[in-house]
Peer 1: 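First the structure, which I've put down as C-alpha coordinates, then a few questions once you've had a look.
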Amino acid sequence: MADPHQLFDDTSATAPGRGYAAQQSPPVGYPAQGSFLAEPMSSFAMTYGSTLASHGKEIVDKNIDRFIPVTKLKYYFAVDTVYVGKKLGLLLFPFMHQDWQVRYQQDTPVAPRFDINAPDLYIPVMAFITYILVAGLALGTQNRFSPDILGLQASSALAWLIVEVLAILLSLYLVTVNTDLTTIDLVAFSGYKYVGMIVGIVSGLLFGKTGYYLLLSWCCLSIFVFMIRTLRLKILSEAAAEGVLVRGAKNQLRMYLTMAIAALQPLFMYWLTYHLVR
Amino acid sequence: AAAMAFTLYALLQAALLFVNAIAVLHEERFLRNVGWGTEQGIGGFGEEPGIKAQLMNLIRSVRTVMRVPLIAVNSITIVLLLLFG
(Lines give C-alpha, C1' and ligand atoms only; values in the text may rest on other atoms or scores of the structure.)
Protein backbone atom coordinates (compact mmCIF):
# COMPACT_ATOMS: atom_id res chain seq x y z
CA MET A 1 0.00 0.00 0.00
CA ALA A 2 1.56 3.24 -1.05
CA ASP A 3 2.27 5.83 1.57
CA PRO A 4 -0.70 8.26 1.53
CA HIS A 5 1.62 11.17 2.26
CA GLN A 6 3.32 10.69 -1.04
CA LEU A 7 1.12 12.54 -3.47
CA PHE A 8 2.64 11.47 -6.74
CA ASP A 9 4.49 8.39 -7.93
CA ASP A 10 8.17 9.02 -8.24
CA THR A 11 8.95 8.65 -11.92
CA SER A 12 12.25 10.50 -11.98
CA ALA A 13 14.83 8.45 -13.81
CA THR A 14 17.78 10.57 -12.76
CA ALA A 15 19.09 10.75 -9.24
CA PRO A 16 17.85 13.77 -7.31
CA GLY A 17 20.23 16.60 -6.51
CA ARG A 18 22.04 16.53 -9.75
CA GLY A 19 20.54 19.71 -11.08
CA TYR A 20 22.20 22.66 -9.49
CA ALA A 21 25.32 21.08 -8.08
CA ALA A 22 26.70 21.03 -11.57
CA GLN A 23 26.64 24.76 -11.92
CA GLN A 24 30.28 25.07 -10.96
CA SER A 25 31.56 22.99 -13.85
CA PRO A 26 30.88 24.25 -17.33
CA PRO A 27 28.06 22.51 -19.19
CA VAL A 28 29.34 19.38 -20.85
CA GLY A 29 28.20 17.76 -24.00
CA TYR A 30 28.05 20.77 -26.28
CA PRO A 31 29.19 19.62 -29.72
CA ALA A 32 31.28 22.11 -31.59
CA GLN A 33 28.72 23.13 -34.15
CA GLY A 34 30.80 25.86 -35.64
CA SER A 35 33.62 28.22 -34.93
CA PHE A 36 31.20 30.40 -32.99
CA LEU A 37 30.89 27.84 -30.24
CA ALA A 38 34.53 27.00 -30.15
CA GLU A 39 35.63 30.47 -29.10
CA PRO A 40 36.53 30.79 -25.42
CA MET A 41 34.41 33.92 -24.93
CA SER A 42 31.23 32.27 -26.06
CA SER A 43 31.79 29.24 -23.84
CA PHE A 44 32.32 31.60 -20.93
CA ALA A 45 29.12 33.41 -21.90
CA MET A 46 27.23 30.13 -21.95
CA THR A 47 28.51 29.19 -18.53
CA TYR A 48 27.59 32.59 -17.16
CA GLY A 49 24.18 32.40 -18.76
CA SER A 50 23.43 28.99 -17.32
CA THR A 51 24.63 30.13 -13.90
CA LEU A 52 22.30 33.09 -14.05
CA ALA A 53 19.42 30.88 -15.10
CA SER A 54 19.91 28.42 -12.27
CA HIS A 55 20.27 31.27 -9.77
CA GLY A 56 17.04 32.76 -11.03
CA LYS A 57 15.28 29.44 -10.80
CA GLU A 58 16.40 29.03 -7.20
CA ILE A 59 15.07 32.45 -6.25
CA VAL A 60 11.75 31.78 -7.95
CA ASP A 61 11.44 28.41 -6.25
CA LYS A 62 12.14 29.95 -2.87
CA ASN A 63 9.64 32.77 -3.24
CA ILE A 64 6.84 31.21 -5.27
CA ASP A 65 5.41 29.60 -2.18
CA ARG A 66 4.64 33.03 -0.79
CA PHE A 67 2.24 33.93 -3.59
CA ILE A 68 0.82 30.65 -4.81
CA PRO A 69 0.59 27.81 -2.32
CA VAL A 70 2.18 25.32 -4.67
CA THR A 71 2.43 22.41 -2.24
CA LYS A 72 -1.18 22.80 -1.25
CA LEU A 73 -2.20 22.97 -4.89
CA LYS A 74 -0.33 19.76 -5.62
CA TYR A 75 -2.57 17.97 -3.17
CA TYR A 76 -5.61 18.84 -5.23
CA PHE A 77 -4.16 17.43 -8.41
CA ALA A 78 -3.05 14.11 -6.92
CA VAL A 79 -5.69 12.10 -8.73
CA ASP A 80 -5.75 8.99 -10.82
CA THR A 81 -8.10 7.55 -13.41
CA VAL A 82 -10.05 5.41 -10.96
CA TYR A 83 -10.75 8.40 -8.73
CA VAL A 84 -11.85 10.57 -11.64
CA GLY A 85 -14.17 7.90 -12.94
CA LYS A 86 -15.74 7.26 -9.55
CA LYS A 87 -16.05 10.95 -8.79
CA LEU A 88 -17.78 11.69 -12.08
CA GLY A 89 -20.18 8.87 -11.36
CA LEU A 90 -20.75 10.31 -7.89
CA LEU A 91 -21.42 13.78 -9.29
CA LEU A 92 -24.06 12.45 -11.64
CA PHE A 93 -25.59 9.90 -9.27
CA PRO A 94 -24.94 10.69 -5.61
CA PHE A 95 -28.00 8.98 -4.24
CA MET A 96 -26.56 5.59 -3.36
CA HIS A 97 -23.36 6.74 -1.70
CA GLN A 98 -23.41 6.23 2.04
CA ASP A 99 -20.25 7.50 3.63
CA TRP A 100 -19.39 11.08 2.76
CA GLN A 101 -16.75 11.69 5.40
CA VAL A 102 -13.26 12.54 4.21
CA ARG A 103 -10.68 10.19 5.66
CA TYR A 104 -7.85 11.79 7.55
CA GLN A 105 -4.28 10.67 7.98
CA GLN A 106 -2.79 12.20 11.11
CA ASP A 107 -4.58 15.53 10.83
CA THR A 108 -4.10 16.04 7.13
CA PRO A 109 -6.77 14.96 4.69
CA VAL A 110 -5.90 11.99 2.58
CA ALA A 111 -5.00 12.77 -1.03
CA PRO A 112 -7.90 12.50 -3.51
CA ARG A 113 -6.59 9.41 -5.16
CA PHE A 114 -7.09 7.48 -1.94
CA ASP A 115 -10.44 8.88 -0.87
CA ILE A 116 -13.32 9.55 -3.18
CA ASN A 117 -14.85 12.13 -0.85
CA ALA A 118 -11.86 14.46 -0.96
CA PRO A 119 -12.25 17.52 -3.22
CA ASP A 120 -9.87 17.88 -6.12
CA LEU A 121 -9.12 20.57 -8.67
CA TYR A 122 -8.48 18.34 -11.65
CA ILE A 123 -12.13 17.70 -12.48
CA PRO A 124 -13.20 21.36 -12.07
CA VAL A 125 -10.35 22.68 -14.23
CA MET A 126 -10.91 20.11 -16.95
CA ALA A 127 -14.67 20.59 -16.80
CA PHE A 128 -14.28 24.35 -17.06
CA ILE A 129 -12.13 24.09 -20.17
CA THR A 130 -14.44 21.50 -21.68
CA TYR A 131 -17.40 23.74 -20.96
CA ILE A 132 -15.79 26.59 -22.90
CA LEU A 133 -15.12 24.28 -25.84
CA VAL A 134 -18.58 22.77 -25.80
CA ALA A 135 -20.08 26.25 -25.60
CA GLY A 136 -18.10 27.19 -28.67
CA LEU A 137 -19.37 24.05 -30.38
CA ALA A 138 -22.96 24.82 -29.45
CA LEU A 139 -22.67 28.38 -30.72
CA GLY A 140 -21.06 27.10 -33.88
CA THR A 141 -23.98 24.84 -34.69
CA GLN A 142 -26.22 27.90 -34.51
CA ASN A 143 -23.92 29.99 -36.68
CA ARG A 144 -23.31 32.36 -33.80
CA PHE A 145 -19.67 31.55 -33.39
CA SER A 146 -16.70 33.86 -33.66
CA PRO A 147 -13.29 33.32 -32.04
CA ASP A 148 -13.58 36.13 -29.53
CA ILE A 149 -16.76 34.58 -28.17
CA LEU A 150 -14.65 31.82 -26.65
CA GLY A 151 -12.65 34.35 -24.68
CA LEU A 152 -15.81 36.15 -23.65
CA GLN A 153 -17.43 32.92 -22.43
CA ALA A 154 -14.30 31.98 -20.54
CA SER A 155 -13.91 35.28 -18.74
CA SER A 156 -17.61 35.48 -18.03
CA ALA A 157 -17.76 32.02 -16.48
CA LEU A 158 -14.61 32.78 -14.52
CA ALA A 159 -16.08 36.05 -13.25
CA TRP A 160 -19.24 34.27 -12.10
CA LEU A 161 -17.12 31.64 -10.37
CA ILE A 162 -15.19 34.33 -8.51
CA VAL A 163 -18.43 36.06 -7.50
CA GLU A 164 -19.86 32.78 -6.25
CA VAL A 165 -16.79 31.85 -4.22
CA LEU A 166 -16.63 35.34 -2.71
CA ALA A 167 -20.31 35.20 -1.81
CA ILE A 168 -19.85 31.83 -0.13
CA LEU A 169 -16.79 33.08 1.75
CA LEU A 170 -18.68 36.15 2.91
CA SER A 171 -21.64 34.16 4.14
CA LEU A 172 -19.38 31.67 5.90
CA TYR A 173 -17.63 34.55 7.63
CA LEU A 174 -20.87 36.20 8.69
CA VAL A 175 -22.30 33.05 10.19
CA THR A 176 -18.99 32.41 12.04
CA VAL A 177 -18.71 28.85 10.96
CA ASN A 178 -15.63 27.12 12.33
CA THR A 179 -14.80 24.95 9.42
CA ASP A 180 -11.68 23.65 7.77
CA LEU A 181 -13.00 24.49 4.32
CA THR A 182 -10.26 26.37 2.51
CA THR A 183 -10.84 28.77 -0.35
CA ILE A 184 -9.45 26.20 -2.76
CA ASP A 185 -11.98 23.67 -1.44
CA LEU A 186 -14.75 26.12 -2.25
CA VAL A 187 -13.37 26.70 -5.73
CA ALA A 188 -13.29 22.94 -6.22
CA PHE A 189 -16.89 22.50 -5.05
CA SER A 190 -18.09 25.37 -7.19
CA GLY A 191 -16.30 23.89 -10.16
CA TYR A 192 -18.06 20.55 -9.94
CA LYS A 193 -21.22 21.97 -11.49
CA TYR A 194 -19.47 22.36 -14.84
CA VAL A 195 -19.72 18.60 -15.28
CA GLY A 196 -23.51 18.80 -15.16
CA MET A 197 -23.49 21.81 -17.44
CA ILE A 198 -21.48 19.95 -20.05
CA VAL A 199 -23.87 17.00 -19.91
CA GLY A 200 -26.80 19.39 -20.31
CA ILE A 201 -25.35 21.22 -23.28
CA VAL A 202 -24.30 18.03 -25.05
CA SER A 203 -27.75 16.53 -24.60
CA GLY A 204 -29.20 19.78 -25.86
CA LEU A 205 -27.08 19.47 -28.97
CA LEU A 206 -28.04 15.87 -29.51
CA PHE A 207 -31.68 15.80 -28.48
CA GLY A 208 -32.88 19.38 -28.69
CA LYS A 209 -34.52 21.39 -25.99
CA THR A 210 -36.37 18.51 -24.31
CA GLY A 211 -33.16 16.56 -23.91
CA TYR A 212 -31.46 19.63 -22.53
CA TYR A 213 -34.13 20.32 -19.94
CA LEU A 214 -34.41 16.68 -18.90
CA LEU A 215 -30.73 16.05 -18.38
CA LEU A 216 -30.09 19.49 -16.92
CA SER A 217 -32.79 18.97 -14.27
CA TRP A 218 -31.28 15.60 -13.46
CA CYS A 219 -27.80 17.13 -13.11
CA CYS A 220 -29.18 20.01 -11.07
CA LEU A 221 -30.83 17.57 -8.70
CA SER A 222 -27.70 15.45 -8.33
CA ILE A 223 -25.39 18.41 -7.76
CA PHE A 224 -27.86 19.74 -5.19
CA VAL A 225 -27.82 16.46 -3.27
CA PHE A 226 -24.06 16.15 -3.68
CA MET A 227 -23.40 19.61 -2.29
CA ILE A 228 -25.76 19.22 0.63
CA ARG A 229 -24.30 15.87 1.65
CA THR A 230 -20.74 17.09 1.32
CA LEU A 231 -21.16 20.49 2.95
CA ARG A 232 -23.33 19.18 5.75
CA LEU A 233 -20.36 17.40 7.24
CA LYS A 234 -18.14 20.43 6.99
CA ILE A 235 -20.42 23.24 8.05
CA LEU A 236 -22.76 21.75 10.58
CA SER A 237 -21.62 20.68 13.99
CA GLU A 238 -20.84 17.05 14.65
CA ALA A 239 -24.15 16.09 16.15
CA ALA A 240 -26.29 17.73 13.51
CA ALA A 241 -24.31 16.16 10.73
CA GLU A 242 -25.09 12.71 12.04
CA GLY A 243 -28.72 13.30 11.23
CA VAL A 244 -29.82 13.87 14.79
CA LEU A 245 -32.23 16.79 14.93
CA VAL A 246 -30.34 19.34 16.95
CA ARG A 247 -32.43 22.31 17.85
CA GLY A 248 -30.96 25.74 18.19
CA ALA A 249 -30.81 28.86 16.09
CA LYS A 250 -27.16 28.34 15.22
CA ASN A 251 -27.60 24.95 13.63
CA GLN A 252 -30.72 26.03 11.84
CA LEU A 253 -28.86 28.97 10.37
CA ARG A 254 -26.05 26.70 9.25
CA MET A 255 -28.50 24.32 7.64
CA TYR A 256 -30.10 27.20 5.76
CA LEU A 257 -26.65 28.32 4.67
CA THR A 258 -25.81 24.84 3.37
CA MET A 259 -29.06 24.68 1.45
CA ALA A 260 -28.51 28.15 0.03
CA ILE A 261 -25.05 27.24 -1.20
CA ALA A 262 -26.40 24.04 -2.72
CA ALA A 263 -29.30 25.89 -4.33
CA LEU A 264 -26.90 28.34 -5.96
CA GLN A 265 -25.47 25.56 -8.09
CA PRO A 266 -28.56 24.66 -10.15
CA LEU A 267 -29.25 28.37 -10.54
CA PHE A 268 -25.83 28.98 -12.04
CA MET A 269 -26.04 25.85 -14.11
CA TYR A 270 -29.18 27.10 -15.80
CA TRP A 271 -27.98 30.71 -16.02
CA LEU A 272 -24.75 29.81 -17.75
CA THR A 273 -26.18 27.37 -20.27
CA TYR A 274 -29.68 28.41 -21.32
CA HIS A 275 -28.49 30.80 -23.98
CA LEU A 276 -26.43 28.07 -25.62
CA VAL A 277 -29.30 25.78 -26.46
CA ARG A 278 -31.90 26.90 -28.93
CA ALA B 1 -27.26 36.40 -23.76
CA ALA B 2 -26.89 39.81 -22.23
CA ALA B 3 -25.55 38.17 -19.09
CA MET B 4 -22.66 36.85 -21.10
CA ALA B 5 -21.11 40.27 -21.21
CA PHE B 6 -20.10 39.91 -17.59
CA THR B 7 -16.36 40.09 -18.07
CA LEU B 8 -13.56 40.11 -15.56
CA TYR B 9 -13.13 43.79 -16.21
CA ALA B 10 -16.72 44.42 -15.19
CA LEU B 11 -16.05 42.41 -12.05
CA LEU B 12 -13.06 44.59 -11.20
CA GLN B 13 -15.07 47.74 -11.77
CA ALA B 14 -17.91 46.47 -9.60
CA ALA B 15 -15.50 45.48 -6.85
CA LEU B 16 -13.82 48.88 -6.88
CA LEU B 17 -17.14 50.71 -6.72
CA PHE B 18 -18.34 48.43 -3.95
CA VAL B 19 -15.25 49.00 -1.80
CA ASN B 20 -15.53 52.72 -2.42
CA ALA B 21 -19.14 52.58 -1.27
CA ILE B 22 -18.12 50.91 1.98
CA ALA B 23 -15.35 53.43 2.47
CA VAL B 24 -17.63 56.46 2.27
CA LEU B 25 -20.00 55.31 5.00
CA HIS B 26 -19.49 57.90 7.69
CA GLU B 27 -19.20 56.62 11.23
CA GLU B 28 -20.72 59.46 13.15
CA ARG B 29 -23.32 60.85 10.85
CA PHE B 30 -24.75 57.73 9.39
CA LEU B 31 -23.80 54.41 10.89
CA ARG B 32 -24.48 55.41 14.43
CA ASN B 33 -27.97 56.57 13.55
CA VAL B 34 -28.77 53.31 11.83
CA GLY B 35 -27.45 51.43 14.80
CA TRP B 36 -24.42 50.07 13.00
CA GLY B 37 -21.80 52.08 14.87
CA THR B 38 -18.65 50.36 15.99
CA GLU B 39 -19.17 50.77 19.71
CA GLN B 40 -22.55 49.16 19.53
CA GLY B 41 -21.15 46.02 18.03
CA ILE B 42 -19.17 44.78 20.98
CA GLY B 43 -21.00 41.94 22.63
CA GLY B 44 -20.06 39.70 25.51
CA PHE B 45 -16.81 37.77 25.45
CA GLY B 46 -18.17 34.30 25.79
CA GLU B 47 -20.82 34.44 23.13
CA GLU B 48 -20.34 34.10 19.47
CA PRO B 49 -21.02 37.36 17.67
CA GLY B 50 -24.21 37.42 15.67
CA ILE B 51 -24.49 38.27 12.03
CA LYS B 52 -25.01 41.97 12.66
CA ALA B 53 -21.91 42.22 14.82
CA GLN B 54 -19.87 40.35 12.22
CA LEU B 55 -21.12 42.66 9.50
CA MET B 56 -20.26 45.77 11.48
CA ASN B 57 -16.84 44.34 12.21
CA LEU B 58 -16.36 43.61 8.56
CA ILE B 59 -17.35 47.12 7.53
CA ARG B 60 -15.00 48.66 10.05
CA SER B 61 -12.12 46.39 9.01
CA VAL B 62 -12.63 47.09 5.32
CA ARG B 63 -12.68 50.81 5.97
CA THR B 64 -9.51 50.73 8.04
CA VAL B 65 -7.56 48.45 5.77
CA MET B 66 -8.59 49.80 2.39
CA ARG B 67 -8.37 53.51 3.12
CA VAL B 68 -4.86 54.08 1.83
CA PRO B 69 -4.81 51.53 -1.01
CA LEU B 70 -8.11 52.94 -2.24
CA ILE B 71 -6.51 56.34 -2.70
CA ALA B 72 -3.87 54.81 -4.94
CA VAL B 73 -6.23 52.55 -6.88
CA ASN B 74 -8.75 55.32 -7.41
CA SER B 75 -6.10 57.70 -8.71
CA ILE B 76 -4.77 55.10 -11.12
CA THR B 77 -8.30 54.31 -12.31
CA ILE B 78 -9.09 57.97 -12.85
CA VAL B 79 -5.94 58.52 -14.86
CA LEU B 80 -6.48 55.39 -16.94
CA LEU B 81 -10.12 56.20 -17.63
CA LEU B 82 -9.21 59.72 -18.65
CA LEU B 83 -6.55 58.46 -21.01
CA PHE B 84 -8.35 55.50 -22.51
CA GLY B 85 -12.00 56.24 -22.09
Side-chain angles (χ1 to χ4, degrees), chain A residues 128 131-132 134-136 138-139 142-146 148-167 169-179 197 201 235 237 248-254 256-257 260 267-278, chain B residues 1-25 27 31 34-67 69-70 72-73 77 80-81 84-85:
Chain A
F128 183 78
Y131 160 74
I132 306 294
V134 171
L139 288 176
Q142 300 158 27
N143 289 327
R144 286 194 289 155
F145 180 78
S146 71
D148 37 314
I149 288 215
L150 276 184
L152 199 63
Q153 289 277 7
S155 63
S156 178
L158 200 62
W160 279 118
L161 186 74
I162 294 178
V163 165
E164 183 186 349
V165 171
L166 284 180
L169 276 175
L170 179 71
S171 45
L172 281 179
Y173 171 78
L174 287 182
V175 180
T176 56
V177 172
N178 282 331
T179 175
M197 282 159 62
I201 302 180
I235 297 185
S237 60
K250 206 172 59 161
N251 275 319
Q252 232 180 11
L253 195 57
R254 292 183 183 189
Y256 284 149
L257 179 66
L267 212 64
F268 272 121
M269 283 171 72
Y270 181 66
W271 180 262
L272 288 172
T273 52
Y274 76 98
H275 61 280
L276 293 171
V277 180
R278 287 289 163 84
Chain B
M4 279 302 108
F6 185 47
T7 59
L8 283 174
Y9 176 66
L11 185 64
L12 278 177
Q13 273 186 320
L16 185 62
L17 288 173
F18 195 66
V19 178
N20 270 324
I22 296 188
V24 299
L25 294 173
E27 283 287 330
L31 290 181
V34 184
W36 278 22
T38 48
E39 295 104 34
Q40 297 147 347
I42 305 177
F45 274 118
E47 295 175 9
E48 273 187 25
I51 292 191
K52 189 171 159 195
Q54 286 287 97
L55 201 54
M56 292 194 279
N57 229 350
L58 184 65
I59 293 182
R60 188 166 123 251
S61 327
V62 168
R63 287 161 49 84
T64 321
V65 167
M66 295 300 290
R67 196 156 278 176
L70 260 188
V73 174
T77 313
L80 284 181
L81 281 179
F84 300 116

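Proteins get letters first, then strands, A, B, ... in listed order; numbering begins at 1 in each.
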Peer 1: Would you say CZ of Phe145(A) has more than 12 non-hydrogen atoms from neighbouring residues, nucleotides or ligands within 6.0 angstrom?
Peer 2: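 Yes, enclosed.
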
Peer 1: With a 4.5 angstrom heavy-atom cut-off, could you sort out which part of Leu166(A) is near chain B: side chain, backbone, both or neither?
Peer 2: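 Interface part for Leu166(A): neither.
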
Peer 1: Sort Leu12(B) into side chain, backbone, both or neither according to what part of it lies under 4.5 angstrom from a heavy atom of chain A.
Peer 2: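 No part of it gets close to chain A.
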
Peer 1: Nearest 0.5 angstrom please: Leu58(B) CG to Leu170(A) CG, how far?
Peer 2: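 So the CG of Leu58(B) and the CG of Leu170(A) are separated by 6.5 Å.
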
Peer 1: For Tyr173(A) and Asn57(B), run side chain to side chain contact (heavy atoms under 4.5 Å, CB included): C-alpha distance rounded to whole Å, both residues' side-chain angles, the deciding distance at 0.1 Å, then the answer.
Peer 2: CA-CA 11 Å; Tyr173(A) 171 78; Asn57(B) 229 350; 4.3 Å; yes

Peer 1: How close do Ala159(A) and Thr7(B) get, heavy atom to heavy atom, and via which atoms?
Peer 2: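 In this case the closest contact between Ala159(A) and Thr7(B) is CB-O, 4.0 Å.
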
Peer 1: Counting only non-hydrogen atoms closer than 4.5 Å, does Leu8(B) touch chain A with its backbone (N, CA, C, O), its side chain (CB onward), both, or neither?
Peer 2: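 Both backbone and side chain of Leu8(B) come within 4.5 Å of chain A.
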
Peer 1: Side chain from CB out, backbone as N, CA, C, O: work out which of these in Ile162(A) comes under 4.5 Å of a heavy atom of chain B, or both, or neither.
Peer 2: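 The answer is the side chain of Ile162(A).
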
